[in-house]
Amino acid sequence: MAEKGTFTVKKGLAQMLKGGVIMDVTTPEQAKIAEEAGACAVMALERVPADIRAAGGVARMADPTVILRIMEAVTIPVMAKCRIGHFVEAQILEALGIDYIDESEVLTPADEKFHVNKHLFKVPFVCGARDLGEALRRIGEGAAMIRTKGEPGTGNVVEAVRHMRRVMDQIRWLKGLPKEELMTAAKDLQAPYELVVEVAETGRLPVVNFAAGGIATPADAALMMQLGADGNFVGSGIFKSKDPMKRARAIVAATTYYDDPYVLAEVSKDLGEAMPGIEIRNIAPEERMQERGW
Ligand SMILES: O=C(CO)[C@H](O)[C@H](O)COP(=O)(O)O
């Protein structure tokens, strides 16, 4: 049997979530809606990103009591977020027995320079990335799953698309490079050489890559899958919409049947109002969550 906490086991856990939707939830009731709608996992946090954005101030790891109540409410895996670089929040989440930690730019970073050394933990981590270099730096630190960042809490999928396209383009570019150019590519990407070589040889990231940030409709979810995502994270898009259960079910179906426009047309009907969206240019650069971390 594989030993708990090895990188292979951590990576494998994320593989099992492939093709699924991970939903942000703030209460046990929301967690139950997510489970019933077919989520493959839930993410416990204090506020969904749209509310974090609206509230301002410092956003931190959720109260352990809430996290534990969410863990008791569902049978699917439960993830929770720690602040970038906040290894003590991560230690606490591991002690709670959480299934996965998201070192997330949605919370206010605790460290502007250093991310958590994720190799030190038995629990697996997911981290955000806007490009291949950032993804490989996080994997180098021990992340066993990546999600493109998008711009969370906006209900606007444009940044998620930009980040997924960039990662996929860079993978295609690396794959076409002769071996002698890979060290320079690693330098340009600011990424570990061994991981650059692995991506060039396999033509894919060494870990699962989900899409996140701004997905608000079944069509958005299917778009991200057609662009190469292994699955979707959805937060505000579900619980800031008029009918969360209906929308959650539709987004799960769209993530599964992402290449069937007939199913997508069907599940997109009568969902009630979507969350209100925000134009990215109306968010000051220093308020963009995607800029957090490096
Ligand atoms: O994992 C996440 C970031 O850490 C969130 O789940 C995701 O980004 C949610 O964004 P949105 O509220 O726009 O759906």
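Order of listing sets the numbers, starting from 1, for every ligand and every atom in it. All values below were derived from every heavy atom in this structure, side-chain atoms included, with hydrogens, water molecules and symmetry-related copies excluded.
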For Val42, the option from Val74, Asp99, Ile33 that meets side-chain contact (heavy atoms from CB on, under 4.5 Å):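 Single pass found, and it is Val74.
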Only pairs at least two apart or in different chains count here, so list each salt bridge (Lys or Arg N to Asp or Glu O under 4.0 Å) that has a residue in residues 13-30.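 Checked against salt bridge (Lys or Arg N to Asp or Glu O under 4.0 Å) - neighbours excluded - no pair reaches residues 13-30.
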Which residue pairs pass the side-chain hydrogen bond (donor to acceptor under 3.5 Å, both in side chains) test when at least one of the two sits in residues 34-50, sequence neighbours left out?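 The answer is Glu35-Thr75.
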Residue of the set Glu105, Lys149, Glu159 for which side-chain hydrogen bond (donor to acceptor under 3.5 Å, both in side chains) holds with Gln290: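 The option that passes is Glu159.
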Contact residues of ligand 1 with a heavy-atom cut-off of under 4.0 Å?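 Within 4.0 Å of ligand 1, the protein residues are Asp24, Pro49, Lys81, Asp102, Ser104, Val106, Arg147, Pro152, Gly153, Ala212, Gly213, Gly214, Phe233, Val234, Gly235, Ser236.
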Lys/Arg-Asp/Glu bridge criterion (N-O < 4.0 Å) met for Glu151, Arg162: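 No salt bridge links Glu151 with Arg162.
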Kindly list each side-chain donor-acceptor pair under 3.5 angstrom involving residues 265-279, sequence neighbours excluded, with atom names and distances?
| unit_1 | atom_1 | unit_2 | atom_2 | d |
| --- | --- | --- | --- | --- |
| Glu266 | OE1 | Lys269 | NZ | 3.0 |
| Glu266 | OE2 | Lys269 | NZ | 3.3 |
| Ser268 | OG | Leu264 | O | 2.6 |

